[in-house]
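FYI, side chains are in, hydrogens and waters are out, and symmetry mates aren't considered; it's all heavy atoms of this structure.
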Amino acid sequence: MGAVLMVISPLYAQTEKEIKKARKEAKAAVKAAEKEGYKMLEVGDMETKVATHIAKVRTGDVFEIVNTAEGKKSINMAKTIARNNVLNEHAEYAKSVVKGRVVSDLHDINGEQAENFMSSYERLVFAELNGEVKVSYTLVRHNKKANTYDVKLVCYIDLEAAHQAHINALKRAAAEQELAQKYGSAVSNWIDEGLSKVIVGQ
């Protein structure tokens, strides 16, 4: 985890070149979104919001997750579904990574135990990360003919918070499945070896 923390840097420490690059990318992203019929839900300048998000992700302090919900009857419904999609996507990916480690490292765990452990872990990661998902901006498109809404949620999660969430979820899952005493040290070792970095795609 130390290696992750070392790359954290505040936005104001970025070079003028990096800031200009983020603004250029933001301008292109805004143009593409508007061409697709999207408008930003939040108050403020869309290009500034997008540039701030890009710059934040570039620091290495956070990772980005984007997801959508389409054809919903209300904006709030679409936002809720998109947020759940963000969490589900991350939890499912995290589960696949951890499952690989379980299979390779915990040789004497049986298939049913492994599946129960994975299911618990996926559910608990979802719960642990729910409060850590921060929305940078929300894009909304109104489908006038059907009177429905498409929402694209652009989010980020703090790497340190994600790391702790995975630790908590792994330990709680092990405790739920009564594997904590036998495999508690293995769980800690996975985290120490940088498993959380793999999970968040770093």
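Within the 3.5 Å criterion, the main-chain N or O of Ala146 finds no donor-acceptor partner in the side chain of Asn143. Of the possible polar contacts, none joining the Asn130 side chain to the Phe126 backbone as a donor-acceptor pair under 3.5 Å is found. Although no hydrogens or angles enter the test, the distance criterion places no donor-acceptor pair under 3.5 Å between the side chain of Glu89 and the main chain of Ile65. A donor-acceptor pair is defined here as one N or O able to donate and one able to accept, closer than 3.5 Å; such a pair exists between the side chain of Thr59 and the backbone of Lys56.
Between the CD atom of Glu132 and the NZ atom of Lys134 there is a distance of 5.5 Å, given to the nearest 0.5 Å.
Pairs engaging residues 22-58 under the ring pair (Phe, Tyr, Trp, His ring centres under 6.0 Å) rule: His53-Tyr137 [sequence neighbours left out].
By the 4.5 Å heavy-atom criterion applied to side chains, Arg58 and Glu18 are not counted as neighbours. When side chains are defined from C-beta on, Val140 does not count as touching Lys39, because their heavy atoms never get closer than 4.5 Å. Contact annotation: the side chain of Lys73 approaches that of Thr148 to within less than 4.5 Å [non-hydrogen atoms, C-beta and beyond]. Residues Ile75 and Leu41 are in side-chain contact: their nearest non-hydrogen atoms beyond the backbone lie under 4.5 Å apart. Between Phe63 and Val57, every side-chain heavy-atom pair lies at or beyond the 4.5 Å cut-off. Side chains of Glu42 and Val135 form a contact here, defined as non-hydrogen atoms less than 4.5 Å apart. With a 4.5 Å cut-off on side-chain heavy atoms, His166 and Glu128 do not count as touching.
With hydrogens and angles left out, the side-chain atoms of Asn168 and Gln164 include a donor and acceptor closer than 3.5 Å.
Under the 4.5 angstrom side-chain criterion for Ile, Leu, Val, Met, Phe, Trp and Tyr, Leu124 has no cluster partners at all.
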task: Evaluate the side-chain contact (heavy atoms from CB on, under 4.5 Å) criterion for residues Val154 and Thr138: first the C-alpha distance (whole Å), next the side-chain angles of each, then the deciding distance (0.1 Å), finally the verdict.
output: CA-CA 6 Å; Val154 181; Thr138 310; over 6 Å; no
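In this view, Arg141 and Asp150 satisfy the salt bridge (Lys or Arg N to Asp or Glu O under 4.0 Å) rule, not counting sequence neighbours. For Glu176, the salt bridge (Lys or Arg N to Asp or Glu O under 4.0 Å) criterion is met by Arg123, not counting sequence neighbours. Residues forming a salt bridge (Lys or Arg N to Asp or Glu O under 4.0 Å) with Glu70 (at least two apart in sequence, or on another chain): none. Applying the ring-ring contact (aromatic ring centres under 6.0 Å, His included) criterion to Tyr149, with sequence neighbours excluded, gives His142.
Remark: Lys20 does not engage Glu25 in a salt bridge, criterion side-chain N to carboxylate O under 4.0 Å.
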